[in-house]
Structures are given as structure tokens and as C-alpha cells.
Amino acid sequence: MFPELIETDRLRLERHDTAVTPRQFYAASGAGQTDTIDEETAFVSWEPNPHPKKTHDQTRRFADQWDSREGASYAVIPREGEPGAGHYAGNTGVAFDWDTQTATLGVWLREPHWGRAYSAERAVALARLVFDRLDLDLLATEVIPANEQSIRAVEKYVDRLGGHHEGRFRNRIAIEGGDVVDVERYSVSHEEYETTVDEPRATFVEELEQPTLAGVPPAEVVWTPEEPDRPSTEEPTR
Amino acid sequence: MTERRDADPHDLFPATIETERLRLESVDGAIDTLETYEICAGDDGIEAVTRWMPWELHDHPDETAGFLTAERAAWADGTNAGYVVRPREGEVGAGEVAGFCGLACHWELSVGSLGLWLRRRFWGRGYSGERATALVELAFDRLDLETVVTGHVAGNEKSAAAIRRYVDRLGGRRDGVERNSLAFPDGTVHDEAHYSIRQSEWRAATDGGTSVL
């Protein structure tokens, strides 16, 4: 049902439970494992993973969701030519509600990879998966109101895909650890996508022959991008 | 809202709530399954009700029994304060089942979600707003929830008008329309307009709170 590899101009999205070992996942997402994990998880619904058992269980959950067609989770890996090429830059997932014909996107990017519009690039690729391949009706995403950076990124790509902001829905998510937060919700319909996007650049590969993950930068190494940060390199596709 | 004198102070939800014109009786009490079946299977105008609801006409009384069992289980779990709506003395159809309403409690989100359906012959009397005032007070004053939400299927203009009126009166707002929010048993998918009221907004709008309780 889902391709194990999706290639965009600058990214490889690889089936997470195959491409990333629970230990690699823990090295990137564990509490205290990197200097940036707290900042990276300030606006997501989960907390830094407290121990390797958690990433082990999460990896198993990714596999179960993949098999039951409830969700498709991918590792985000920059391609050749990108800073940190071949390294684990975070993950992205699509949750499927087949009854309401809705796919909901989620993403977590590691701090060294911020500012390169990777979120938009994977969103457009996943829109192609959701609409062209899976023939669903709606693609949705939800952002915590305080996450201004993500709101800017999401508004830009949702607008580019022809969708809109649905509203701010209150007390919608219980964050791990107890807080309850509102969400800003955005969506794009199949029809909107069809009329605004032609041929998003994304290639689907059915089977991941060999995971390409080079590794996770160790926590103590300060890892700087080789190129200066620059704004989005994406060309509008409409 | 007035509780019956025999109300048990240990109960999470009041067994009976009386408003000016309505009596809300817990689904945990005595409800006639066959009487409810008659309504859910073929009440005059019932299709105008179910058109906007995620349920279909009941095919047999066992379906009705299942509905009531689920309502009672949710009451016992403390996840839904479900009530039968009955007009009080002096109202046309006093004592009859006018419909069902509830406050679904999502404790982990601190959210109470209002729900209601009324038989068509009881439409247009302002019962929706009257029951909402009582259940919103229950949500905030007694259950200390942070937010009350409600909604309707996009296109259901009658509910939209009723909800807008009481949400505005109680200090809340319209949050937006969530697309593809609801899947009905017939396979159709519907958008849903969402509204919400925060406890602080309710207190400000009602000058400290309502006092039906």
C-alpha cells in the first residue's frame, strides 16, 4: 500500500521501522541525548524518549501501523549535496482515517536541519502519496498555536496546495506529560490539490533495498551545516 | 437547575435536572426500551432528525436496547452524562420523551462535549438553549471542566442557529469548520462546524455563572 522509499529533490523518506534502529532512534530522540532535543520537542505531542525501551516500542508501533494501514512513518534523510547528507534529520508520518477519507500529517525535524524548508518538501511529496496514489479526500495537519515557525511553514505549503486554515480548535490534544493544548488545523482537499498542483516532484520506490542511514550525530559533537542557511529553494509548482 | 430531593450527593452527575420548562432524567433511570424504539424506528419526522446525526433508524428493539446499554455504561464510567429530555407540566407534550441530550466528558482534555437530538414535534421551542444553559453550568460549576465544545454537521442550519444563539449568550465562539470530521453509517462523510466556550468566558458572560443549579 505504501512505498518504502519516497525521493524528493533534496530528501529521502525511508520507511522508519526498517531504516532506523531503535538505538539510532534513541540517540536522536532520547532525553538528554542531544543538546537540542528539548527545543525540538517543545511543540510536538510527545516528550523526549525517556529510555531505549520507548524507542523500541515506538519502532514496533510504526511497523504495526504500517501493516494495518493505519499509518506510514518515514525517516527524513537529506540527500547527497545537502548538509548532513545521509544522516537522520527527523521523521514524518501520515495517519490514515479511511472512514473519513482523511490523512493527517505529522513531522519532527532535528534542529540542525531547520530553516531549509524540508517540512514543505516532504508535505508536497506526501500529498502526492495521499491523493495520487491512495485517492483520499483530505489531507490535514494540526499545529500548536505557539509554534510560530511551523505555522508559517504550514500556511505557506497549505496555500501552495490550494487548502486553507480551518480554525483554532480548543483543548484538542493532551500532550505527553499532561498539558492540554489548542490546535490550529489546516486542510487541503483532493480537488484543491488537483487544481493547483501539477506533478509534484516525488518518486515512489516500493521496496527499500538497503537503508541508507549513515548514522545519528553523537550528542557531544556540534554538527554545523556545511552550507549557510538559506530560504526555501523550492519553486512554486503551480 | 434543581435536583430531585433524593439526589445522591455521591453521584458525579445529577440524576435529574429541572429547568424552567424541562426535566432531564438520567439514562441510568427507568427508560422504556420499546417506547424509545418506537421513536428511533419511525417517529413522525425522525428522518429530518437522523439526516444530521451519525445514526440511522433503528431496525429492531435490540438496537435500541444496545443504545441504552451503552448510554448507561458511559454514565457509570463517568464519561457521559446522558439524559432523556421531557417537557414539564404546562408544556405541550408534558412528560413525553422529547429527545436525548448529554454532556460527554473527555477528562484527559478537560473538555465537555454537548450533544442533543429532539423529536421534530418538539423543535422550535428553544429547548436546545435551555438544556445547554443547564449542562454548561454542570460542566463548569460542578465538573470544573475547562472547555465546553459543541458542533453540528455543516449545512444543518436549524442547529447552527440554535447553537450560535446560546454559544454567544454563554460567552463562547465559533472555532471553524473541520472538513471530513464525521463518517456516517451510510458511508457518507461530513464537515462539522465547531464551537467552544471556556470556563473563564462563561463566567465573564454570565456575571459569575448561571444559577439554575
Side-chain angles (χ1 to χ4, degrees), chain A residues 45-47 70 94-105 127 130-131 134-145 151 154-155 158-159 161-194, chain B residues 54-56 79 103-114 136 139-140 143-154 160 163-164 167 170-202 204-205:
Chain A
S45 59
W46 49 279
E47 298 206 301
E70 286 167 79
V94 193
F96 298 97
D97 185 330
W98 300 98
D99 291 337
T100 60
Q101 301 252 5
T102 299
T104 306
L105 303 187
V130 164
F131 294 127
L134 300 175
D135 197 29
L136 285 163
D137 261 5
L138 197 77
L139 177 147
T141 192
E142 296 180 340
V143 189
I144 294 173
I151 285 178
V154 168
E155 283 188 339
V158 164
D159 186 57
L161 293 171
H164 67 246
H165 177 235
E166 291 182 348
R168 177 168 175 165
F169 301 131
R170 303 203 280 190
N171 289 47
R172 277 290 275 251
I173 298 181
I175 303 287
E176 256 184 8
D179 279 354
V180 173
V181 294
D182 300 347
V183 300
E184 302 287 357
R185 187 178 164 91
Y186 300 81
S187 64
V188 179
S189 72
H190 198 147
E191 196 183 343
E192 290 161 350
Y193 166 83
E194 292 287 353
Chain B
W55 56 276
E56 294 184 317
T79 53
L103 179 77
C105 299
H106 306 280
W107 297 103
E108 70 295 347
L109 295 173
S110 199
V111 164
S113 179
L114 297 175
V136 169
F140 290 141
L143 302 176
D144 198 27
L145 292 164
E146 186 175 290
T147 302
V148 166
V149 301
T150 190
H152 59 79
V153 172
I163 289 172
R164 251 189 237 119
V167 164
L170 299 173
R173 67 184 195 201
R174 186 175 188 272
D175 296 326
V177 176
E178 179 177 357
R179 297 200 281 186
N180 286 36
S181 170
L182 298 165
F184 279 13
D186 66 357
T188 56
V189 176
H190 301 266
D191 299 347
E192 184 182 12
H194 291 293
Y195 302 76
S196 63
I197 310 165
R198 286 251 205 260
Q199 189 180 133
S200 55
E201 294 168 346
W202 172 75

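Any value given below was found using the heavy atoms of this structure, including those in side chains, with hydrogens, waters and symmetry copies removed. Quick note on labels: first sequence line is chain A, next is B, and so on, each numbered from 1.
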So which of A:Val180, A:Asp99, A:Thr100 has the biggest tally of heavy-atom pairs under 4.5 Å with chain B? A:Thr100
Checking A:Asp97 now: which residues fulfil salt bridge (charged side-chain N to carboxylate O under 4.0 Å, His left out) with it, not counting sequence neighbours? none
Taking everything shown except A:Glu70 itself, do over 12 heavy atoms lie less than 6.0 Å from its CD? yes
Chain A contact via B:Ile197 - which portion, at a heavy-atom distance below 4.5 Å: backbone
By side chain to side chain contact (heavy atoms under 4.5 Å, CB included), B:Pro54 pairs with (sequence neighbours left out) B:Phe184
Who in residues 174-182 of chain B is close to chain A, using a strict under-4.5 Å heavy-atom cut-off? B:Asp175, B:Gly176, B:Val177, B:Glu178, B:Arg179, B:Asn180, B:Ser181, B:Leu182
Is A:Arg168 close to chain B through its backbone or its side chain, or both, or neither, when contacts mean heavy atoms under 4.5 Å? both
Per-residue tally against chain A (heavy atom, under 4.5 Å) across B:Arg173, B:His106, B:Glu108, B:Glu146 peaks at B:Arg173
Chain B contact residues among residues 170-179 of chain A, heavy-atom distance under 4.5 Å: A:Arg170, A:Asn171, A:Arg172, A:Ile173, A:Ala174
